Amino acid sequence: MCLHGYWDNCASFDRLIPLLDGDRTYLCFDWPNHGRSSGTPAGERWTMENYALTVKRVADHVRWSSSPFACVGHSMGGQVATLFAAVYPECVARLVLLDSAGPVAVHPEEIAWSARRAADEQLRLEDDMAMQRTGGGRPPPVYTRPEALARVRRRFYGDPLDEEAAGSLMARHWRPGPAAGQYCPANDPRLSVPYSQWFSAAQHWNVVTNIRCPALLIRASDSDTYFDDVYGVFVQMYRHMPNFRTVSVDGNHDVHMNDPRAVTATIDGFLSESKPNSKL
């Protein structure tokens, strides 16, 4: 099961999967509120636990829950896969984290401030969305194809996507605009609400220690500073866990899209070590 990152969609694996072992089945889907997936009701706050539950719902729907399968997660998708593997360890045979760790720790003294920031932004966005539904407020933004492609290439973290990788994401990242050749965002605008899982480092230690399967963390060289700083506490945890191993590759945060051959052999080799009865 391939789990994409924040603001992306399942097409983020379009360039990687054709290079992997063709004898496996690869299942990709858009997270709720992303791409072509359905949205959540007004007033609902989508958290890491919701995303982890989504994985279980999908596994149940395709009847994968009866025997363990592999999870390959990029960025936020890797964070969700980590939590899912801890909560449902019997479901996960192998865990591959593509330039992902965490989630980012929130210190106890930051919880009230973080909750207020997220609440204010969600209320503001929901007010805007309600006004748009009644014909008031600012209309959704509209872009030409070059503008839309440029916005997909621009990343929240790391260097831009190359044009081919961005082109893969385009169809699910946008919906048709009011006129021919125009594009409107497909992602729910509430995704821009500041996210905080409210996991302290001590709480995440409990998550990590409940992961029973072998896990592989693929770190991109351009992300070294980020891992040593923001994710440093989690990287140290993984170093103390016998199930975790780390491999570094040249590239940026989106290396599996920009240069999938840089990670193909590593992923294939790791998944090939799995038990024969696992869904890989």
Side-chain angles (χ1 to χ4, degrees), residues 1-6 12-13 16 20 47-49 51-52 55 68-108 110 156-158 195-257 262-275 278 280:
M1 189 177 294
C2 301
L3 308 175
H4 69 79
Y6 178 58
S12 67
F13 296 99
L16 175 64
L20 295 174
T47 67
M48 194 70 73
E49 288 97 337
Y51 284 117
V55 176
F69 53 90
C71 280
V72 179
H74 171 238
S75 196
M76 186 194 79
Q79 296 173 10
V80 178
T82 300
L83 180 59
F84 178 76
V87 175
Y88 291 99
E90 72 278 10
C91 290
V92 184
R94 294 259 153 177
L95 181 62
V96 178
L97 309 177
L98 295 171
D99 213 49
S100 177
V104 176
V106 174
H107 302 291
E110 297 174 333
F156 287 94
Y157 165 67
Y195 180 80
S196 172
Q197 186 55 32
W198 302 345
F199 273 11
S200 67
Q203 289 170 314
H204 193 72
W205 176 247
N206 177 260
V207 172
V208 172
T209 54
N210 276 282
I211 295 175
R212 301 174 192 166
C213 67
L216 172 67
L217 170 60
I218 299 179
R219 285 179 51 170
S221 57
D222 288 1
S223 299
D224 282 347
T225 300
Y226 198 76
F227 270 88
D228 294 339
D229 180 14
V230 177
Y231 284 152
V233 63
F234 300 124
V235 172
Q236 288 301 320
M237 288 182 191
Y238 300 153
R239 287 174 179 164
H240 288 88
M241 295 301 296
N243 287 339
F244 279 82
R245 73 181 81 164
T246 301
V247 173
S248 295
V249 298
D250 290 333
N252 66 4
H253 183 59
D254 300 303
V255 63
H256 73 295
M257 288 189 269
V263 299
T264 303
T266 301
I267 295 173
D268 264 339
F270 178 71
L271 295 182
S272 295
E273 300 171 7
S274 299
K275 297 176 183 179
S278 299
L280 300 171

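Since we're looking at a predicted model, the values are computed, not measured.
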Answer yes or no: is there a side-chain heavy-atom contact under 4.5 Å between [X] and [Y]?
X    : Y    : value
M1   : V55  : yes
L216 : L95  : no
R219 : V249 : no

Can a donor-acceptor pair be found, under 3.5 Å and without considering hydrogens, that links the side chain of T264 to the backbone of L20? no

For residues [X] and [Y], report the shortest heavy-atom separation together with the two atoms involved.
X    : Y    : result
V92  : P68  : C-CB, 3.9 Å
F270 : P214 : CZ-O, 3.5 Å
F84  : C71  : CD2-SG, 4.3 Å
V72  : F13  : O-CZ, 4.0 Å
R212 : N243 : O-ND2, 3.2 Å
P89  : N210 : CB-O, 3.9 Å

How about F244: does its CZ atom have over 12 heavy atoms from other parts shown lying under 6.0 Å from it? yes

Restricting to side-chain hydrogen bond (donor to acceptor under 3.5 Å, both in side chains), what partner residues turn up for H204, sequence neighbours left out? none

Mutual orientation of the aromatic rings belonging to H256 and H74 [parallel < 30°, tilted 30-60°, perpendicular > 60°]: tilted

Only pairs at least two apart or in different chains count here, so list each salt bridge (charged side-chain N to carboxylate O under 4.0 Å, His left out) that has a residue in residues 234-254. R155-D254, R245-E273

So I211 and M241, side-chain contact (heavy atoms from CB on, under 4.5 Å) or not? Walk me through it. CA-CA 9 Å; I211 295 175; M241 295 301 296; over 6 Å; no

Could you state the interatomic distance from OG (S248) to CG (D224), rounded to the nearest 0.5 Å? 6.0 Å

N/O donor to acceptor pairs below 3.5 angstrom from side-chain atoms of residues 96-105, sequence neighbours left out:
from	atom 1	to	atom 2	distance (Å)
D99	OD1	A220	N	2.8
D99	OD1	S223	OG	3.4
D99	OD2	S223	OG	2.6
D99	OD2	H253	ND1	2.6
S100	OG	S75	O	2.6
S100	OG	Q79	N	3.3

